Amino acid sequence: MKISRTIVPLLLGATLLVLGGCSSDQTKHSGIHNMNMNMDMDMSMEPIKVELHWSPEEVAVNQKVTFEAVVTQDNLAVDDAKEVLFEIVSKNDDEQKIELKGKLVGDGVYQAEGTLEKEGQYIVTSHVTARTQHSMPNKELSVKP
């Protein structure tokens with residue numbers, strides 16, 4: 001059987017296209033697979049931990065206070081939190097509320113400064129959103145006259 005000179009180049013071209021398509025498709029899948037593996041390495045299932053502090057420890061009315069959240073995961077500093085917010089609410093008047101946005105100062109430490117104008121008991125809550133997780137520990141703060 002004699003094959004036409006036109007059919008052989010067409011069959012050869014079609015074969016190369018199919019093989020080339022498979023090779024290109026494999027490269028795409030490989031790239032996606034590698035990207036997913038890298039994301040998995042960055043996203044630990046371990047929960048984030050947040051330690052809430054302020055300075056000075058004993059606070060007086062109209063005194064500048066530095067609020068601090070130390071954020072870690074797997075005992076490593078978390079420097080890529082999407083949001084760190086300090087919410088300070090009076091226990092006697094829940095309408096008396098202050099919100100301060102925390103800024104990264106290094107090694108997983110986020111800080112914000114503020115003052116409280118009235119004496120009394122307050123609840124300080126640090127809202128931290130990092131690595132698909134949210135943590136909001138709180139502590140009680142006494143403000144002296």
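Side chains are part of it too, since the values below use all heavy atoms of this structure and drop only hydrogens, waters and symmetry mates. The chain is numbered in sequence order, starting from 1. Worth saying up front: this structure is predicted, and the values here are computed from it rather than measured.
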- Message: Minimum heavy-atom separation for I123 and K91, please, with both atom names.
- Response: CG1-CG, 3.8 Å
- Using a cut-off of 6.0 Å, state whether more than 12 heavy atoms not belonging to D107 lie near its atom CG. no
Quick one: side chains of residues 98-105, donor-acceptor pairs under 3.5 Å with protein atoms, not counting sequence neighbours, listed by atom name and distance.
none

Scan the side chains in residues 45-65 for donor-acceptor partners under 3.5 Å anywhere in the protein, sequence neighbours excluded, and list what turns up.
{"residue": "W54", "atom": "NE1", "partner": "E57", "partner atom": "O", "Å": "3.4"}
{"residue": "Q63", "atom": "OE1", "partner": "A60", "partner atom": "N", "Å": "2.8"}

- When rounded to the nearest 0.5 Å, the distance separating OG of S142 from CG of L116 is 11.0 Å
- Do E87 and V89 have side-chain heavy atoms sitting under 4.5 Å apart? yes
- Atom pair CE/OG of M136 and S126 - distance to nearest 0.5 Å: 9.5 Å
- Message: So for atom NZ, which belongs to K139, do other residues, nucleotides or ligands contribute more than 12 heavy atoms lying within a distance under 6.0 Å?
- Response: yes
- Minimum heavy-atom separation for Y110 to D80, with atom names? OH-N, 3.5 Å
- Donor-acceptor contact present, side-chain D93 to main-chain E95, <3.5 Å: yes
- Task: Over all heavy atoms of both residues, which pair between G106 and D79 is shortest? Give the atoms and the distance, please.
- Result: C-OD1, 4.2 Å
- Query: Which pair of heavy atoms, one from Q96 and one from Y122, lies closest together, and at what distance?
  - Reply: NE2-OH, 3.0 Å
- F67 CZ to T125 OG1 distance, which is reported to the nearest 0.5 Å: 11.0 Å
- Closest non-hydrogen atoms of R131 and A77, given as atom of the first, atom of the second and distance, are NH2-O, 4.4 Å
